[in-house]
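One structure below.
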Amino acid sequence: MERQLFDADHDAFRESVRAFCEKEIVPHHDSWEEAGIVPRELWTAAGDAGLLGFMMPEEYGGGGARDFRFNTVLIEELTRVRASGVGFTIHTDINSAYLLDYATPEQKARWLPAFCTGETISAIAMTEPGAGSDLQGIQTTARRDGDHYVLNGQKTFISNGILADLVIVVAKTDPAAAAQGISLIVVERGMPGFERGRNLDKIGLKAQDTAELFFDDVRVPVGNLLGEEGKGFIYLMEKLPQERLTIAVVAAAACENMLDDTLRYVKDRKAFGRPIGSFQNSRFVLAELATETQIARVFVDRCIQELNAGTLTVAEAAMAKWWTTELQKKVVDRCLQLHGGYGFMTEYPIAKAYLDTRIQTIYGGTTEIMKEIIGRTMGV
């Protein structure tokens, strides 16, 4: 089914992203997975290629194209080359939205130029050792002291945490006010008391640096408050649908890629004198996966249109997130089964996909939380 989502500008951008991936990522990604991190030079190269600031205003060095279809192209091309360890989408799909909508003109002038060039790498710190999906349960505090906030607490599972120069930290500025006491504080590299823990050892996404962050009496200027004090929880609720759609875009693209890889494999691999794809069981499995993958593609593309129009609802984003990521788990499991013993070998792409897939139903809100959100909107 031909997609109707993109126009000539998106197609041209895709060619640029694809060329960048083939030159700058594909030859090196295996070594980055061994190292557990990508080099900063990759970020500046991406900035030079216009891949990091296309949504930012031109006055700050961006492309002035706030259109999630460009984000989608970047996500799909990174997924196509299995660049699961490249943290661009944290920067372009998640943090860009907070900075565009809540930063002051002074903050934008200060942060966005280097954001676009890749000289400044960004992260967002929500999760804590004792608070994941329940953001109201965070314990990190930011106490006002004159012209500064004094930040104390700990965050974990922070993508880009080792490399990040700019971290949007979710903290309680009024612990007694529950959700109304949460604010977003931007912490910059080098602030005294801001420390990074170890680069966490994960089962997948091996090249993605994921860190623990510690804040011990970090004095953050009041000028680094993002938006208004006490409105952080509202801002998070406004932007989480875009984050969840980003995860759904990854899932849909991953399903297509895994299915294509498996089709090539089952057409070449022979058993009992004929390709294993010619057996009825294989055909039925592939037919089921192809159908569900197509359903995912159509729904995700529709959600992208709704996001661009400003009409994507919290419930629709939750639907896209949980259903496509659960489908991704199903597709990778059945495709690995069709690979037989070779699917268990890490030299085969499906084995890497199996490990990288598992986090998809967890971060950005678990499947169970997504269903809870949807159920509440139904009045039950």
Side-chain angles (χ1 to χ4, degrees), residues 1-6 11 14 17-18 21-22 26 29-30 72-84 203-206 244-304 319-362 367 370-371:
M1 186 179 295
E2 184 177 353
R3 298 172 74 181
Q4 304 296 320
L5 188 64
F6 304 110
D11 293 338
R14 187 181 296 276
V17 177
R18 184 164 294 185
C21 289
E22 294 296 338
V26 172
H29 198 269
D30 287 348
T72 299
V73 168
L74 179 60
I75 296 166
E76 290 178 348
E77 290 305 308
L78 290 171
T79 304
R80 184 184 65 83
V81 298
R82 305 178 191 91
S84 55
I203 66 170
L205 308 185
K206 286 289 190 178
R244 288 163 180 161
L245 180 57
T246 293
I247 297 169
V249 172
V250 171
C255 288
E256 291 169 342
N257 291 346
M258 293 185 294
L259 192 55
D260 287 344
D261 284 345
T262 303
L263 277 170
R264 285 191 291 270
Y265 180 82
V266 300
K267 289 176 181 179
D268 291 339
R269 176 71 174 168
K270 290 183 172 57
F272 304 104
R274 57 178 175 147
I276 61 174
S278 67
F279 291 95
Q280 185 184 65
N281 176 72
S282 300
R283 289 200 305 269
F284 280 15
V285 169
L286 292 167
E288 180 181 334
L289 299 181
T291 302
E292 291 183 285
T293 296
Q294 185 66 259
I295 292 168
R297 165 57 56 216
V298 173
F299 182 52
V300 169
D301 281 2
R302 176 59 184 271
C303 287
I304 293 166
M319 290 175 185
K321 198 276 178 183
W322 88 257
W323 195 83
T324 59
T325 57
E326 291 290 346
L327 175 64
Q328 186 181 351
K329 283 172 54 182
K330 174 181 176 180
V331 170
V332 74
D333 184 70
R334 297 196 178 179
C335 285
L336 190 150
Q337 185 72 19
L338 288 173
H339 278 73
Y342 289 103
F344 201 60
M345 301 296 109
T346 55
E347 65 193 86
Y348 279 75
I350 196 66
K352 178 180 180 302
Y354 189 85
L355 297 173
D356 289 343
T357 290
R358 190 59 190 87
I359 190 60
Q360 284 278 90
T361 60
I362 298 173
T367 292
M370 295 303 97
K371 291 179 180 179

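All values derive from a computational prediction rather than experimental measurement.
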Out of curiosity, Lys206 NZ to Asp30 CG, how far, rounded to the nearest 0.5 Å? 13.5 Å
For Thr79 and Asn257, what are the C-alpha separation, side-chain angles and deciding distance, and is it a side-chain contact (heavy atoms from CB on, under 4.5 Å)? CA-CA 8 Å; Thr79 304; Asn257 291 346; 3.7 Å; yes
Between the NZ atom in Lys267 and the CG atom in Leu286, the distance rounded to the nearest 0.5 Å is 9.5 Å
Does the side chain of Thr325 reach to within under 4.5 Å of the side chain of Ile247, using non-hydrogen atoms? yes
Here's one to test your reading of the geometry: is the NZ or CZ of Arg14 within 45 degrees of the ring axis of Phe6 and under 6.0 Å from its centre? yes
Under 4.5 Å between any side-chain heavy atoms of Arg297 and Thr293, yes or no? no
Step by step, work out the side-chain contact (heavy atoms from CB on, under 4.5 Å) result for Met319 and Met370. CA-CA 7 Å; Met319 290 175 185; Met370 295 303 97; over 6 Å; no
Salt bridge (charged side-chain N to carboxylate O under 4.0 Å, His left out) evaluation trace for Glu76 with Arg18: CA-CA 10 Å; Glu76 290 178 348; Arg18 184 164 294 185; over 6 Å; no
Just do the salt bridge (charged side-chain N to carboxylate O under 4.0 Å, His left out) check on Asp356 and Lys352 with the steps written out, would you? CA-CA 6 Å; Asp356 289 343; Lys352 178 180 180 302; 2.6 Å; yes
Measuring from Leu289:CG to Glu256:CD, what's the distance to the nearest 0.5 Å? 12.5 Å
Do Leu327 and Ile295 have side chains that get closer than 4.5 Å, going by heavy atoms? no
Check whether any side-chain heavy atom of Arg82 lies under 4.5 Å from a side-chain heavy atom of His29, and answer yes or no. no
Measure across Ile276 and Lys270 and return the closest heavy-atom pair with its distance rounded to 0.1 Å. CG2-C, 4.1 Å
Side-chain heavy atoms of Thr361 within contact of Trp322, under 4.5 Å: no
About how many Å separate CG of Leu245 and OG1 of Thr72, when rounded to the nearest 0.5 Å? 6.5 Å
Give a yes or no on whether Gln337 atom CD has more than 12 heavy-atom contacts from other residues, nucleotides or ligands under 6.0 Å away. no
Check step by step if side-chain contact (heavy atoms from CB on, under 4.5 Å) holds for Lys330 and Cys255. CA-CA 9 Å; Lys330 174 181 176 180; Cys255 288; over 6 Å; no
State, to 0.1 Å, how close Ala290 and Leu259 come at their nearest heavy-atom pair, and which atoms those are. CA-CD2, 3.5 Å
Contact check, side chains of Val332 and Gln360, non-hydrogen atoms, under 4.5 Å: no
Interatomic spacing from NZ in Lys329 to OH in Tyr354 - rounded to 0.5 Å: 9.0 Å
Over all atoms of both residues, closest heavy-atom pair of Thr246 and Ile75: CG2-CD1, 3.8 Å
Which atom of Ala296 lies closest to which atom of Trp323, heavy atoms considered: CB-CZ3, 3.7 Å
Minimum heavy-atom distance Ala320-Ala248, with the two atoms named: O-CB, 3.7 Å
Is there a side-chain contact between Val298 and Arg302 in this structure, where contact means two heavy atoms from C-beta onward sitting under 4.5 Å apart? no
Plane angle bin for Tyr265 and His339 - parallel if under 30°, tilted between 30 and 60°, otherwise perpendicular: parallel
Does any part of the side chain of Leu338, heavy atoms only, come nearer than 4.5 Å to the side chain of Ser282, both counted from C-beta? yes
